[in-house]
There are 2 protein chains.
Amino acid sequence: MYLNRADQIAEEIQELIFAGSFEDGERLDENRLSEKFGVSRTPLREALKKVALLGIVEKIPNRGVFVHQPGPIELLEMFEVMSELESICGKLAAKRISESALKKLQKANAKCKKAIKNNNPDAYYIENELFHKIIYNQSGNSFLEKEAIKLQKRLQPFRRVQLRFRGRIEQSMAEHEDIVKALSFGNSTDAENALRNHVAVQGDKFHQLVASFGKKEEYT
Amino acid sequence: MYLNRADQIAEEIQELIFAGSFEDGERLDENRLSEKFGVSRTPLREALKKVALLGIVEKIPNRGVFVHQPGPIELLEMFEVMSELESICGKLAAKRISESALKKLQKANAKCKKAIKNNNPDAYYIENELFHKIIYNQSGNSFLEKEAIKLQKRLQPFRRVQLRFRGRIEQSMAEHEDIVKALSFGNSTDAENALRNHVAVQGDKFHQLVASFGKKEEYT
DNA sequence: AGGCCAAATATTGTATACAATAGTATTGAC
DNA sequence: GTCAATACTATTGTATACAATATTTGGCCT
């Protein structure tokens, strides 16, 4: 998938925001950024437009674009939607998943386990992401799949923070097992609930998320 | 909410596509369109970028943007997601809806009825949209609300076609009653199911949608 | 001194000019 | 006559120049 310079820059700006390189509310100066990326304002503005439409920054006409790091409430809202989306994917996938996809899912899960044993968080994140993406894909609804991937990407940095909490990875793995079981049995109700619970921010997870808030940079 | 010319044009292009003014697969020529709208290519390109990111047209680098009218499969997929989103909104709203919102909901519903009695489809569409938007809003999740509104807007023209089928509007109204009832009783399970069913394309509605496909212009 | 209006400055929005890329047609060799 | 290479054309992508809008600063009046 080829990208022109403007789209490349859009990706890079996203990464920078996710990495916390900008203060909340900071204005993204077109001149400064165009100089930084070594391009003119035209492609840079296109990049900013893209980032704005993804909802990562806010664009105010004739004023500029301002980074908008989601606050705790907004994050909880996004996680609530994510958990419901995953739940739906699970519900549908339980009925529609193929044998080969089931095998791939088990493989990805095994790699997750291995990554934990090797104490390799980066590998875990990658395999975990794949695990979930397989489920999105097997929902048999490519529109749903795209939406889920979009939101997953946006929440990714916050999920990582969450998993740093003691015991969370182990719990997460146990939940994966339940999910795989439900999907292989074609039990859509179980799959639905297991996935909703797996992603939802409730109970301990709620406190962990709130506690970790604003401390992102400590864990990078 | 002020919009600059580029964003205005983006809206207009969307409308044109929804209205079926372009063939599926047709290339949106930048020069032609910029002349048509009386602006230069710069704001027009920004408009196209926006429309592309909304998923209404496909942009191929160095080739141009091509309109992509959703086919039956894609439509079914989008309706499936819409019905689930509405279902979630209903589930949450049942627990969170305020008294005043409930009143507004009943008011909107009454206006829907009135519109039918007066044989005024345009009024019905507007009030029906409001009815659903109140529920999105009362989900208490503004992120979910925004996503629901976005998809609602995209599916709007197709919903209209559907409602043209005999008996559909009456059935739709009866479903509204059930939804209001469930919400006023705070019954989240009923609200969830009623809304999913109300929006889902199943049974007769499936055949109607498929049958109506490609006949949009007959009903405008 | 404080507030308000106006000029200056900075920044976004748009137009035009130029560059790069993809698609098409023409010409030449076999 | 067909295929391929190359020049040509059309179209998108980017840079720069200009216009419009918002913000800031400085001066004036009260």
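Basis for what follows: all heavy atoms, side chains included, without hydrogens, waters or symmetry-related copies. Naming: A, B, ... by sequence-line order, numbering from 1 per chain.
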Take atom CD1 of Ile60(A) and atom P of dT21(D), then tell me their distance rounded to the nearest Å. 17 Å
Pairwise 5' ranking along DNA chain D for Ala6(A) and Pro61(A), keeping only the more 5' one: Ala6(A)
Do Arg160(A) and Asp122(A) make a side-chain contact, defined as non-hydrogen atoms from C-beta onward lying under 4.5 Å apart? yes
Phosphate-side-chain proximity, Lys59(B) and dT11(D), N/O vs OP1/OP2 below 4.0 Å: no
Atom pair distance, as rounded to whole Å: CG in Leu33(B) and P in dA10(D): 18 Å
OP1 or OP2 of dT11(C) sitting under 4.0 Å from any side-chain N/O of Arg32(A)? no
Quick check: any donor-acceptor pair below 3.5 Å linking the side-chain of Arg41(A) to the base of dG13(C)? yes
For dG13(D) and Arg5(A) - does any side-chain N or O of the residue sit under 4.0 Å from the phosphate oxygens OP1/OP2? no
Does a side-chain N or O from Arg63(A) land closer than 4.0 Å to OP1 or OP2 of dT21(D), or not? no
Any Tyr136(A) side-chain heavy atom under 4.5 Å of Lys146(A) side chain: no
Tell me the interatomic distance from Glu46(B), atom CD, to dT14(D), atom P, rounded to whole angstroms. 13 Å
Rounded off to whole Å, could you give me the CG-to-C1' distance for the Asp7(A) and dT14(D) pair? 13 Å
Do any side-chain atoms of residues 39-48 of chain B form donor-acceptor pairs under 3.5 angstrom with protein atoms, and if so which ones, sequence neighbours left out?
{"from": "Ser40(B)", "atom 1": "OG", "to": "Thr42(B)", "atom 2": "N", "distance (Å)": "3.3"}
{"from": "Arg41(B)", "atom 1": "NE", "to": "Glu30(B)", "atom 2": "OE1", "distance (Å)": "2.9"}
{"from": "Arg41(B)", "atom 1": "NH2", "to": "Glu30(B)", "atom 2": "OE1", "distance (Å)": "3.0"}
{"from": "Arg45(B)", "atom 1": "NE", "to": "Glu46(A)", "atom 2": "OE2", "distance (Å)": "3.3"}
{"from": "Arg45(B)", "atom 1": "NH1", "to": "Glu30(B)", "atom 2": "OE2", "distance (Å)": "3.0"}
{"from": "Arg45(B)", "atom 1": "NH2", "to": "Glu46(A)", "atom 2": "OE2", "distance (Å)": "3.2"}
{"from": "Glu46(B)", "atom 1": "OE2", "to": "Arg45(A)", "atom 2": "NE", "distance (Å)": "3.3"}
{"from": "Glu46(B)", "atom 1": "OE2", "to": "Arg45(A)", "atom 2": "NH2", "distance (Å)": "3.2"}

Please tell me whether Gln8(A) and Arg5(A) have a donor and an acceptor in their side chains that are separated by less than 3.5 angstrom. yes
What's the closest nucleotide to the side chain of Thr42(B) if the choices are dT12(D), dA15(D), dA22(D)? dA15(D)
Rounding to an integer number of Å, can you tell me how far Leu28(A) CG sits from dA10(C) C1'? 17 Å
How many Å lie between CZ on Arg45(A) and P on dT14(C), as a whole number? 7 Å
At how many degrees, to 10°, do the end axes of the helix from dA1(C)-dT30(D) to dC30(C)-dG1(D) meet when each uses five pairs? 0°
Out of dT14(D), dT14(C), dT12(C), minimum distance to the side chain of Ser40(B) belongs to dT14(C)
Which part of the nucleic acid, if any, lies within reach of Lys49(B) when heavy atoms closer than 4.0 Å are counted: base, sugar-phosphate only, or nothing? nothing
Any carboxylate oxygen within less than 4.0 angstrom of a Lys/Arg side-chain nitrogen, looking at Asp7(B) and Lys49(A)? yes
Starting from the C-alpha separation in whole Å, work towards a yes-or-no answer on salt bridge (charged side-chain N to carboxylate O under 4.0 Å, His left out) for Lys103(A) and Glu99(A). CA-CA 6 Å; Lys103(A) 281 210 184 92; Glu99(A) 276 303 320; 5.3 Å; no
Distance check needed: dT9(D) C1' versus Asn31(B) CG, whole Å only. 13 Å
Counting only N and O atoms by type, is there a donor-acceptor contact under 3.5 Å from the side chain of Glu84(B) to the main-chain atoms of Leu85(A)? no
Write down the distance between CG (Asp29(B)) and C1' (dA10(D)), rounded to a whole number of angstrom. 9 Å
Nearest to side-chain heavy atoms of Val39(B), which nucleotide of dG13(D), dA15(C), dA15(D): dA15(C)
Would you kindly compare Pro43(A) and Arg27(B) by the position of their nearest DNA chain D nucleotide and give the one closer to the 5′ end? Arg27(B)
Side chain of Glu30(A) only, heavy atoms from C-beta on: which candidate in dT21(C), dA15(D), dG13(C) is closest? dG13(C)
For residues 54-67 of chain B, tabulate all N or O donor-acceptor pairs below 3.5 Å that involve a side-chain atom, not counting sequence neighbours.
none

